[in-house]
> 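Take this structure, written in structure tokens, and hold onto it; I'll ask about it next.
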Amino acid sequence: MLSSSTSSTLRLHQPSRPHRRRPPAPGGATQLAPSRRHLPAAPAVRARPQRIRALDAAQPFDYESRAAGLLEERQRLKIAIVGFGNFGQFLARTFARQGHTLLAHSRTDHSALAATLGASFFTDPHDLCECHPDVVLLATSILSAEAVLRSLPVHRLRRNTLFVDVLSVKEFPKNLLLSSLPPDFDVICTHPMFGPESARDGWDGLPFVFDKVRVGDCPARRARAEAFLNIFEREGCRMVEMSCAEHDAHAAETQFLTHTVGRMLAMLELRSTPINTKGYETLLRLVDNTCSDSFDLYNGLFMYNKNSTELLNRLEWAMDSVKKKLFDGLHDVLRKQLFEGSPLAPDTSNVRK
Ligand code: NAP
């Protein structure tokens with residue numbers, strides 16, 4: 001800060017040596033005021049010191065900080081989370097920390113928890129919609145998504161509200177949102193590929209899949225969509241733009257497979273032992289990671305991803321193939337023990353193993 005004695009005027013001397021070129025400020029902004037960037041070359045005679053007002057001198061910095069503040073303001077969104085369960089609350093914590101205004105609605109009254117995050121909870125969806133959020137975030141279970149969406153009085157929302165879903169399957173909500181919402185609404189389908197367990201220590205480096213299904217061709221609507229995606233980018237997520245169909249094909253291979261194996265292992269009631277190997281500990285963690293999600297979520301992965309049935313069939317085939325290999329080997333040993341040296345032993349020398 002300038003002291004009061006120096007704040008009224010500042011003396012600027014013509015430099016005796018040329019200025020070193022400063023690197024550009026982040027975002028392309030230059031650190032010099034525009035009027036000073038194009039000063040003519042210094043005259044040969046020594047120039048008299050210029051007197052300029054302190055207010056003028058401070059302006060470039062003031063302008064930059066104000067511009068940064070304005071940008072922050074524009075990035076701030078009013079987000080209505082519909083489905084304020086495990087995952088909705090998990091997302092809300094980060095949204096709140098980033099300074100967004102939060103509204104929430106759910107089947108169950110979560111008003112006490114919402115209050116701890118500074119979010120307003122609405123039991124009546126009409127009241128929620130009348131608050132005119134910028135973004136409605138659908139975070140309800142896959143199985144209930146259609147009924148919940150249809151229960152929202154969307155006519156009470158602003159005419160071009162942005163709808164985002166975070167369901168773990170993507171083609172189903174894409175078709176649902178496109179067929180249920182007015183054509184003026186924007187739609188982004190997303191899948192944060194992490195949850196309260198796997199992202200306990202932050203979102204840095206974790207994949208965030210999104211498909212800008214419909215974003216109106218106007219600067220304000222594009223800026224709103226970018227501001228929403230920026231929430232995840234700021235946390236360090238790996239942003240993966242991908243069609244909903246492509247997501248579902250990959251997710252059957254990765255997510256549904258992982259959850260199925262986790263749930264199968266859980267049936268075995270595995271326990272920690274004094275001689276756990278690293279591999280076994282990975283299995284125990286897999287059970288924890290997958291079974292902490294609701295069965296509704298897992299069921300949704302199966303019911304609403306057309307690729308899941310085929311994956312389940314392949315998993316069954318894989319288990320049968322491994323079993324067959326083991327039992328074939330066992331039969332060979334048994335046959336040998338039973339018949340070797342015996343006059344009744346069949347000739348197995350031509351049998352393919
Ligand atoms: P979930 O069991 O899939 O969903 C729970 C939410 O759905 C709660 O808000 C619950 O309402 C609501 N709900 C369930 N049945 C309902 C019904 N019949 N009518 C109205 N609302 C109903 O568990 P979740 O983990 O919170 O997941 C929410 C969404 O996020 C899902 O679509 C899931 O696929 C997606 N997702 C989850 C994760 C994760 O790691 N958990 C990661 C990425 C995406 P109440 O609040 O009233 O109980």
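Both counts, for ligands and for their atoms, begin at 1 and track the order of listing.
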> Run the numbers for me: atoms of ligand 1, each under 4.0 Å from some heavy atom of N86, listed by number.
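Going through ligand 1 atom by atom, the ones under 4.0 Å from N86 are 25 (O), 26 (O).
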> For this output row, return yes or no: ring centroids of F256 and Y298 closer than 6.0 angstrom.
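So the answer is yes for these two rings.
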> Taking 4.0 Å as the limit for heavy-atom contacts, which would you say applies to E197 with ligand 1: side chain only, backbone only, both, or neither?
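It is neither; nothing of E197 touches ligand 1.
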> Angle class for the F228/F95 ring planes (parallel below 30°, perpendicular above 60°, tilted otherwise)?
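The rings of F228 and F95 stand perpendicular, inter-plane angle above 60°.
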> Can you list the ligand 1 atoms lying under 4.0 Å from a non-hydrogen atom of P196?
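So the answer, numbered in order with elements, is 40 (O).
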> Heavy-atom distances under 4.0 Å are what count here, so tell me which part of M193 touches ligand 1: side chain, backbone, both or neither.
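Within the 4.0 Å criterion, M193 makes no contact with ligand 1.
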> May I ask you to identify the nearest protein heavy atom to atom 39 (C) of ligand 1, giving residue, atom name and distance to one decimal place in Å?
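Result: F87 CD1, 3.5 Å.
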> Is it the side chain, the backbone, both or neither of A139 that has a heavy atom closer than 4.0 Å to ligand 1?
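Under 4.0 Å from ligand 1, A139 contributes backbone atoms alone.
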> List the closest protein heavy-atom neighbour of atom 34 (O) of ligand 1: residue, atom name, distance to the nearest 0.1 Å.
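Answer, as residue, atom name and distance: S168 OG, 2.6 Å.
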> When you compare the side chain of D109 with that of F121, does any pair of heavy atoms fall below 4.5 Å?
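With C-beta onward as the side chain, the pair touches.
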> Nearest to atom 22 (C) of ligand 1, what protein heavy atom do you find, and at what distance?
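For atom 22 (C) of ligand 1, the nearest protein heavy atom is S144 OG, 3.4 Å.
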> Relative to each other, are the rings of W203 and F90 parallel, tilted or perpendicular (30° and 60° limits)?
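Ring orientation, 0 to 90° scale: tilted.
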> Give the atom numbers and elements of ligand 1 that come within less than 4.0 Å of a heavy atom of S106.
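It comes down to these atoms of ligand 1: 9 (O), 11 (O), 45 (P), 46 (O), 47 (O).
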> For atom 35 (C) of ligand 1, what is the closest protein heavy atom, and at what distance to 0.1 Å?
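It is V166 O, 3.3 Å.
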> Which residue holds the protein heavy atom closest to atom 18 (N) of ligand 1, what is that atom called, and what is the gap in Å?
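Checked against all protein heavy atoms, atom 18 (N) of ligand 1 sits closest to R107 NH1, 3.6 Å.
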> Which residue and non-hydrogen atom of the protein lie closest to atom 32 (O) of ligand 1, and at what distance in Å?
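The closest one turns out to be T140 O, 2.8 Å.
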> Is the closest side-chain donor-acceptor distance between Q98 and E235 under 3.5 Å?
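Q98 vs E235: donor-acceptor pair found between side chains.
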> Please list, in number order, the atoms of ligand 1 under 4.0 Å from a heavy atom of I142.
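Listed by number with element: 32 (O), 34 (O).
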> Are there over 12 heavy-atom neighbours, none belonging to M239, within less than 6.0 Å of that residue's CE?
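Count over threshold, so yes.
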> Rounded to the nearest 0.5 Å, what separation is found between the CZ atom of R214 and the CZ atom of F185?
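So the gap between those two atoms works out to 9.5 Å.
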> For S294, counting its heavy atoms only, list the atoms of ligand 1 lying under 4.0 Å from any of them.
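This gives 1 (P), 2 (O), 3 (O), 23 (O) as the contact atoms.
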> How many angstroms lie between atom CG of D328 and atom NZ of K323, to the nearest 0.5 angstrom?
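The NZ atom of K323 is 12.5 Å from CG of D328, to the nearest 0.5 Å.
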> Among D165, D211, D248, whose salt bridge (Lys or Arg N to Asp or Glu O under 4.0 Å) with K170 holds?
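Among D165, D211, D248, the one that satisfies the salt bridge (Lys or Arg N to Asp or Glu O under 4.0 Å) with K170 is D165.
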> Starting at OH of Y304, measure out to CG of L167 and round the result to the nearest 0.5 Å.
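Here the interatomic distance stands at 10.0 Å.
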> Give the atoms of ligand 1, by number and element, whose distance to some non-hydrogen atom of V148 is under 4.0 Å.
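Answer for ligand 1: 20 (C), 21 (N).
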> Just to be sure I read this right, does ligand 1 sit under 4.0 Å from the backbone of L301, its side chain, both, or neither, counting only heavy atoms?
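Neither part.
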> Within the supplied structure, the quantity of interest is the number of heavy atoms (other residues, nucleotides, ligands) at a distance under 6.0 Å from R238 CZ; does it exceed 12?
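No - once you tally the heavy atoms of other residues, nucleotides and ligands closer than 6.0 Å, there are 12 at most.
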> Just wondering, more than 12 heavy atoms not from E310 lying within 6.0 Å of its CD?
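Count not over threshold, so no.
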> For atom 6 (C) of ligand 1, which candidate among A145, S141, G300 provides the closest heavy atom?
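Among A145, S141, G300, the closest heavy atom to atom 6 (C) of ligand 1 comes from S141.
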> Report yes or no: does a heavy atom of H110 sit under 4.0 Å from some atom of ligand 1?
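H110: in contact with ligand 1 (<4.0 Å).
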> Nearest to atom 40 (O) of ligand 1, what protein heavy atom do you find, and at what distance?
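Of every protein heavy atom, G195 CA, 3.2 Å lies nearest to atom 40 (O) of ligand 1.
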> Of the backbone atoms (N, CA, C, O) and the side-chain heavy atoms from C-beta on, which set of F194 has a member under 4.0 Å from an atom of ligand 1: side chain, backbone, both, or neither?
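The part of F194 near ligand 1 is the backbone, not the side chain.
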> Please verify the inter-ring angle class for H331 with F327; under 30° counts as parallel, over 60° as perpendicular, anything in between as tilted.
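H331 and F327: tilted rings.
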> Backbone or side chain, does any N or O of G88 fall under 3.5 Å from an N or O of ligand 1?
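G88 vs ligand 1: no N/O contact under 3.5 Å.
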> Could you tell me whether a side-chain N or O of D184 sits under 3.5 Å from a main-chain N or O of R159, the two making a donor and an acceptor?
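Checking the backbone N and O of R159 against the side chain of D184, no donor-acceptor pair under 3.5 Å is found.
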> Quick check: D293 and ligand 1, any N/O pair under 3.5 Å apart?
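By distance alone, the answer is yes.
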> For atom 45 (P) of ligand 1, what's the nearest protein heavy-atom neighbour? Residue, atom name and distance, please.
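The closest one turns out to be T108 OG1, 3.4 Å.
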